[in-house]
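A short worksheet on the structure shown next.
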There are 2 protein chains.
Amino acid sequence: MDTLRDICRRAGLKATHQRLEILREMLQAKDHPSAEQIHQRVLRRLPTVSLDTVYRTLAAFDQHGVIARVFSSASCVRYDPAPERHDHFVCVKCNRIMDCRVSGAGRLRVPATVRTMGTVERIQVEVRGVCIRCLNRARGRRRWWKQTPE
Amino acid sequence: MDTLRDICRRAGLKATHQRLEILREMLQAKDHPSAEQIHQRVLRRLPTVSLDTVYRTLAAFDQHGVIARVFSSASCVRYDPAPERHDHFVCVKCNRIMDCRVSGAGRLRVPATVRTMGTVERIQVEVRGVCIRCLNRARGRRRWWKQTPE
DNA sequence: ATAGATGCAAAATGTTTGCAGTGGC
DNA sequence: GCCACTGCAAACATTTTGCATCTAT
């Protein structure tokens, strides 16, 4: 079995108190917490961690594949003119969103067990990856909305 | 054919200059724009619209089903401890996220045409709806992370 | 006429950054 | 000892709100 320390080191990150506690909370979380929530929880054991350390640490764990960001396409809300069903290709680097079709998407069904969670309004498929533009451009750091459209 | 004015009125919204222009830009947009982007574009024809009107208007159009918010699960980033593939049920009211399984999700395939958009890292299925808790509670206005977990 | 929409300015929220100091390796 | 990491405070970006004014119906 892997200790928290092992996980950190294997990811190439120094195993500090803060990180171990943040990781502990993350791994036992069942609710997809935000940075602020993790901060609150870690404070119980480590009353001095700062919120920005939590931000930095979660981002680092995400980048090294230890945890995963629940996708929330960008730093801002985006709108779609088309109400008809279609899927999205979203670039994880620049957040560009392109409409696409994923085969099998029309046949997705929600099992009865999910119905107990609430009422289903729609099922959305998101393809995450790196767009060609970002692949070509070594560093795609400019904000997506300042880049030339399409 | 529907004029912009018709669309507004059918949604129960007053057809103001601002709204018509915002709607025009939205309907011809191909890039899933943000509020700020729409604001920039509308400014060309209507140099006095304010950014907050754009925010309010887009939110109104969204609520009345004229356009759709590209889902970005919440106002803040959320993390997931589990790297194994699973789907998410997301409550559109309180933003609670629950793990679930959608049948057919494992068989989704990305057609070759999508490959030209970039490299695919993963396919994520999101079930959007209203969770039982929000259904039971008439007004679920509190921030999700201030509600009792699970 | 009036309910609803707008513009402005200010606040709230979530996240990032620069920097000096600390601590893991 | 070195370099990555931390805490603090301040900056930043996005979105929301209160209020007086305006306007579509």
Secondary structure of DNA chain C per the Watson-Crick/G-U criterion (both distances under 3.5 Å; [ ] crossing, | other strand, . unpaired) is |||||||||||||||||||||||||
Rounded off to whole Å, could you give me the [atom1]-to-[atom2] distance for the [X] and [N] pair?
X	N	atom1	atom2	value
B/L13	C/dA3	CG	C1'	13 Å
B/L51	D/dT17	CG	P	15 Å
B/Q37	D/dA13	CD	C1'	15 Å
A/I38	C/dG14	CD1	P	15 Å
B/H39	D/dT14	NE2	P	14 Å
B/Q63	D/dT16	CD	P	10 Å
B/R56	D/dT23	CZ	C1'	15 Å
A/H64	D/dA4	NE2	C1'	12 Å

When you measure only distances, ignoring hydrogens and angles, does the side chain of A/R19 come within 3.5 Å of the base of C/dG24 through a donor and an acceptor?
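No.
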Can you say whether the rings of A/H86 and B/H32 are parallel (under 30°), tilted (30 to 60°) or perpendicular (over 60°)?
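Correct class here is tilted.
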B/F89 side chain reached by A/V110 side chain, heavy atoms, under 4.5 Å
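In short, these two side chains do not touch, never coming nearer than 4.5 Å.
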So do the side chains of A/V90 and B/V70 get within less than 4.5 Å of each other, counting heavy atoms only?
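They are not in side-chain contact.
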State which of [options] makes the closest approach to the side chain of [X].
X	options	value
A/K14	C/dA5, D/dT15, C/dG23	C/dG23
B/T53	D/dT15, C/dT6, C/dG23	C/dT6
B/T57	D/dA9, C/dG7, C/dT6	C/dT6

Taking 4.0 Å as the cut-off, does a side-chain nitrogen or oxygen of [X] come that near to OP1 or OP2 on [N]?
X	N	value
A/T48	D/dC8	no
B/Q18	C/dG7	yes
B/H17	D/dT23	no
B/T16	C/dT6	yes

Which residue, A/V54 or B/Y55, contacts DNA chain D at a nucleotide closer to its 5' end, judged by nearest heavy atom?
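The residue whose closest nucleotide sits nearer the 5' end is A/V54.
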When you match B/R5 and A/V49 each to their closest nucleotide on DNA chain D, which lands nearer the 5' end?
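Result of the comparison: A/V49.
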Considering every strand and a 4.0 Å limit on heavy-atom distances, what is the contact class for [X]: base, sugar-phosphate, or nothing?
X	answer
A/A35	nothing
B/R9	sugar-phosphate
B/A60	nothing

Look at B/R41 together with B/E25 and state whether they make a salt bridge at an N to O cut-off of under 4.0 Å.
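Here B/R41 does not pair with B/E25 in a salt bridge, since their nearest N and O are not under 4.0 Å apart.
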Side-chain ion pair, A/R85 and A/D87, N-O less than 4.0 Å:
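Yes, A/R85 and A/D87 are salt-bridged.
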Atom SG in A/C131, atom CE in A/M98: separation rounded to 0.5 Å?
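Between A/C131 SG and A/M98 CE, I get 5.0 Å after rounding to 0.5 Å.
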For the CZ atom of B/R24 and the CD1 atom of B/I38, what is their distance to the nearest 0.5 Å?
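If we round to the nearest 0.5 Å, B/R24:CZ and B/I38:CD1 are 12.0 Å apart.
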Other residues, nucleotides and ligands only: do more than 12 of their heavy atoms fall within 6.0 Å of NE2 on A/H64?
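Correct, the count exceeds 12.
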